[in-house]
Every structure is written in C-alpha cells, then in structure tokens.
Amino acid sequence: MKNRPFLSRINNWFVFTLLTVIVIALIVSSNILIKSLREKEAERIKVFATALKILQDNQQKSSETQELLFAILTENDQIPSILTDENRNPFIFDGSSRNIPKEILDNPEELKKLISKMENNYDPFEIEISKGAKQLVFYDNSKLLNNLRYYPYFLGLFILSYLLFIFWFLRTIKKTDEGYLWAGLAKETAHQIGTPLSSMIGWMEIMKLETPESEGVYEIEKDIERLRTISERFSKIGSVPELNDLNFNETIVQNYDYLKTRISKKIDFSLHLPTYTVLVPHNKILMSWVIENLVKNAVDAMKGEGSLQMSVFERNKNILIEVKDTGSGMTKQQARNAFKPGYSTKKRGWGLGLSLARRVVHEYHNGDIKISQTEVGKGTTFRITIKKA
C-alpha cells in the first residue's frame with residue numbers, strides 16, 4: 001500500500017495545529033483587550049460619579065474647580081450614563097445624563113427600561129450627599145465596546161473563511177496540475193506505444209501472407225488491435241471526447257467477451273444485461289477502459305480465483321453498472337482513498353487506474369463512480385451511474 005510519508009503527515013498536522021493556536025490566541029487576546037477596556041470605562045464612570053458628587057456639594061468652590069468638574073463631566077462623550085435618586089427615579093437636568101438619545105429621555109417608560117438594562121449589566125455607583133441621602137449613577141458599555149464584543153468572533157470567522165479559501169485554492173491548483181500531469185503522461189504513453197505498434201502491424205500483415213489460417217496469428221492480431229485501442233484511449237485523455245456511441249449493451253458485451261478469454265479460468269465471470277437495448281451517450285473507447293480497470297482490480301483482489309459478476313440495470317433516469325467480486329475487500333480507509341491519484345493497495349500498482357477511471361466517468365460522462373459496498377474478506381462492489389439518453 002502506498003501512503004504519504006509519515007513526516008509529511010506530521011508536518012500537515014503541525015501546520016494545522018499552529019494555525020489553530022494562532023486563531024485561538026487572537027480570540028483570547030481580543031477578549032483580554034475588551035475586558036481591559038471595560039475596566040477602563042468603569043474607572044471613567046467612577047471619576048464621573050465623583051465629579052457629580054463634588055459638584056452637588058454645598059461648599060463654595062473656586063471657578064477653576066468648577067471648570068475642572070464640568071470638564072470631567074463633558075469629557076465623557078461615549079459612555080451612556082444617567083443620575084437617579086436612591087429609588088431609581090432619574091433626574092432630568094443639564095448634566096444628569098450623558099450619551100442617551102433625546103427620544104429616550106423624553107419617554108419615561110423607555111428611560112426606565114434603559115435603567116433596568118444598565119443595572120443588569122453593571123452595578124451602579126453610589127453617591128452620598130447631604131443628610132444621608134444617596135444618588136445612583138447607572139451606566140452601560142459605549143458603542144465602541146459593544147462593537148468590539150463581536151470583534152473576536154468576526155475575526156475568527158474571517159480567519160476561518162480565509163483558511164478555507166486557501167485550502168480550496170491550493171486543492172484546485174493541485175487538481176489542475178494533476179490533470180495536466182496525467183494528460184501529458186497519457187499522451188506521451190500513446191506516442192511511445194504508437195511507434196512499435198505501427199511496426200507490429202506491418203509484421204503482422206507479412207505473417208498473414210505466410211500463414212493466413214494460423215490461430216496464433218489471429219490471436220496476435222486481436223491483441224494488436226487491443227493495443228491500438230489502448231493507445232487511442234491514452235491519446236484521448238486531456239481532450240474532450242465525443243459521446244457518439246449509444247448502444248451501451250454492445251460496449252459492455254464487447255468488453256466482457258474480450259476480458260473473459262484473458263482472465264483465469266478459476267474465476268466464474270458472469271454478465272447480466274437488460275433484455276432491451278440500453279441507450280447511453282458515451283465514448284466506447286474510454287468507457288471500455290473504465291470497465292477493464294474495474295475488472296482487472298477485481299481479478300487482482302481475488303488473486304485469480306473467485307466469482308466476478310458484472311451487471312447493468314436501470315434506476316429512475318440512470319443506468320447503473322456494477323462490478324462485484326468475492327476478493328479481499330477493503331477497509332474503510334482504503335475505500336476512502338481508492339480513487340486518489342497515486343494510492344494503491346498493490347505493491348506493483350501505480351495508483352492511477354481508478355483515478356483515471358473516475359476522471360473518465362465524472363468529467364467526460366458527467367456520471368458517478370463509487371464503492372457501493374465492501375467488506376474485508378468478502379469482496380467489493382464498484383458502481384458506475386450514468387444518465388441514459
């Protein structure tokens with residue numbers, strides 16, 4: 001089985017953990033900042049309440065002292081505050097409230113609701129005045145602090161969205177690069193096969209002239225034709241194929257007849273087709289490649305002995321092709337990774353067959369291919385779904 005190197009997986013987890021720690025650190029630091037600002041505002045209100053107390057003191061104050069007290073009161077231009085008696089009845093005079101909308105000050109019911117809300121958020125500051133009477137200063141968060149309360153969550157959401165975008169972007173680039181790589185590899189393979197294939201075709205014609213009735217020549221000719229088909233398959237990867245073929249039964253039967261004579265006689269290979277003609281727009285050459293890949297994988301999984309069943313049936317507006325074997329089966333992790341490029345459970349496998357099969361079905365035929373059922377020691381069922389004509 002081919003997997004990513006252990007150190008590579010460790011590095012990925014390290015990057016993920018590092019980014020997670022950074023996001024959490026930003027949220028925690030933002031909450032600490034907000035807590036600090038809340039404490040600063042409480043201190044400002046305490047100074048504000050003290051100024052109110054001194055201003056209401058009966059003792060004579062110098063003009064400089066009065067100016068300082070008024071400066072302290074007017075300096076609060078952000079924090080909502082209001083002065084009430086000890087029974088929570090608000091005072092309505094100049095300087096008794098700050099940063100409260102006039103429409104609320106003019107509405108006694110709304111003003112009481114606001115005072116109740118302030119009390120729920122913060123305990124009021126008490127001011128002791130003459131004759132043992134008390135006054136209360138109620139306050140609430142400034143608009144800035146209220147907005148900053150949601151800042152850590154918006155920041156975390158932004159960072160998460162950014163990371164998801166980066167993940168999607170890099171994954172798209174990787175898929176594009178893989179697509180160009182497979183297409184280039186396939187076309188180069190077709191080119192390399194083409195040269196000796198042309199020579200073999202020429203020699204085959206000479207052999208047919210010498211021994212026209214030879215069964216060996218006939219079988220070699222069939223294999224050469226198969227090589228030509230394989231070369232054409234590779235040449236079509238990376239280009240948009242034409243979906244001209246319609247008789248799907250014919251494509252399946254041709255693949256079945258060819259593969260049945262080339263797999264182990266110990267494998268019970270059976271085909272189940274509908275009794276009527278199945279019409280599906282497809283490319284016969286590429287679809288044959290997909291079927292051949294699935295059958296060869298099944299044969300390898302059974303180690304040359306077992307039961308292999310290929311079925312075609314209709315469901316709703318789709319045609320389904322199932323390849324079911326009685327081989328070794330897969331674990332859940334193997335099933336999840338089966339279609340990934342470069343992944344293989346075989347020591348000699350390149351891990352390209354199922355990846356290219358998926359590309360042919362998904363991108364060229366707008367269909368779906370998946371492992372519909374698998375169990376270790378009991379076998380695997382691959383399912384292809386394509387829309388019918």
Side-chain angles (χ1 to χ4, degrees), residues 22-161:
I22 291 173
V23 171
I24 293 174
L26 286 171
I27 295 175
V28 171
S29 62
S30 299
N31 280 320
I32 292 174
L33 174 62
I34 291 170
K35 183 180 178 181
S36 176
L37 288 174
R38 186 180 287 116
E39 291 173 353
K40 293 288 184 184
E41 288 193 354
E43 289 294 326
R44 290 178 62 187
I45 290 297
K46 187 176 181 180
V47 173
F48 177 80
T50 303
L52 278 175
K53 177 184 177 181
I54 296 173
L55 193 62
Q56 294 182 84
D57 200 349
N58 292 328
Q59 293 183 1
Q60 189 68 27
K61 304 172 188 67
S62 65
S63 58
E64 291 83 0
T65 303
Q66 289 184 358
E67 287 179 5
L68 176 61
L69 293 173
F70 279 115
I72 292 173
L73 295 177
T74 56
E75 186 269 340
N76 175 25
D77 59 354
Q78 293 183 345
I79 306 171
S81 59
I82 188 166
L83 182 67
T84 72
D85 61 20
E86 54 188 334
N87 295 320
R88 290 166 174 70
N89 296 313
F91 292 112
I92 307 297
F93 60 82
D94 188 25
S96 65
S97 64
R98 297 291 297 168
N99 307 307
I100 296 178
K102 187 175 184 303
E103 57 269 21
I104 294 181
L105 290 173
D106 293 340
N107 188 327
E109 292 298 324
E110 291 297 322
L111 189 55
K112 284 185 178 180
K113 290 180 182 179
L114 179 61
I115 292 172
S116 177
K117 177 186 173 184
M118 288 178 170
E119 188 173 15
N120 288 334
N121 292 334
Y122 297 100
D123 294 330
F125 285 104
E126 291 186 357
I127 301 176
E128 293 186 5
I129 55 177
S130 57
K131 300 178 182 179
K134 293 182 180 179
Q135 293 179 345
L136 303 174
V137 177
F138 291 90
Y139 69 101
D140 205 350
N141 295 326
S142 63
K143 288 184 178 180
L144 174 63
L145 188 57
N146 277 331
N147 291 334
L148 283 176
R149 281 191 309 172
Y150 304 104
Y151 170 75
Y153 304 102
F154 283 120
L155 179 63
L157 181 62
F158 172 77
I159 293 174
L160 178 62
S161 302

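The model shown is predicted, which means the values in this text are computed figures rather than measured ones.
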In residues 101-111, what donor-acceptor pairs under 3.5 Å come from side-chain atoms, sequence neighbours left out?
{"from": "K102", "atom 1": "NZ", "to": "D106", "atom 2": "OD2", "distance (Å)": "2.8"}
{"from": "N107", "atom 1": "OD1", "to": "E109", "atom 2": "N", "distance (Å)": "3.2"}
{"from": "N107", "atom 1": "OD1", "to": "E110", "atom 2": "N", "distance (Å)": "3.3"}

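Separation of atoms CD1 (I100) and CD1 (I79) is listed at 12.0 Å; rounding is to 0.5 Å. Remark: N121 CG to Y139 OH distance equals 9.5 Å, nearest 0.5 Å. One finds the OG atom of S116 at 5.0 Å from the CG atom of N120 (value rounded to the nearest 0.5 Å). Within the model, atoms CD of E86 and CD of Q135 stand 9.5 Å from one another, a figure rounded to the nearest 0.5 Å.
Between P124 and V137 there is no side-chain heavy-atom pair separated by less than 4.5 Å. Side-chain contact between I115 and P90 is present, with heavy atoms from C-beta onward closer than 4.5 Å.
Considering all non-hydrogen atoms of both residues, M118 and I82 come closest at SD-CG2, 4.3 Å.
Dense packing is recorded around CG of D85, with more than 12 heavy atoms of other residues, nucleotides or ligands lying under 6.0 Å away.
Between the S36 side chain and the I32 main chain, no donor and acceptor come within less than 3.5 Å of each other. At least one donor-acceptor pair closer than 3.5 Å links the side chain of S161 to the backbone N or O of L157.
Residues forming a ring-ring contact (aromatic ring centres under 6.0 Å, His included) with F138 (at least two apart in sequence, or on another chain): none.
For the residue pair Y122/N141, the side-chain donor-acceptor check at 3.5 Å is satisfied.
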>> If you apply the rule side chain to side chain contact (heavy atoms under 4.5 Å, CB included), what do you find for L136 with E119, and how did you get there?
In response: CA-CA 11 Å; L136 303 174; E119 188 173 15; over 6 Å; no
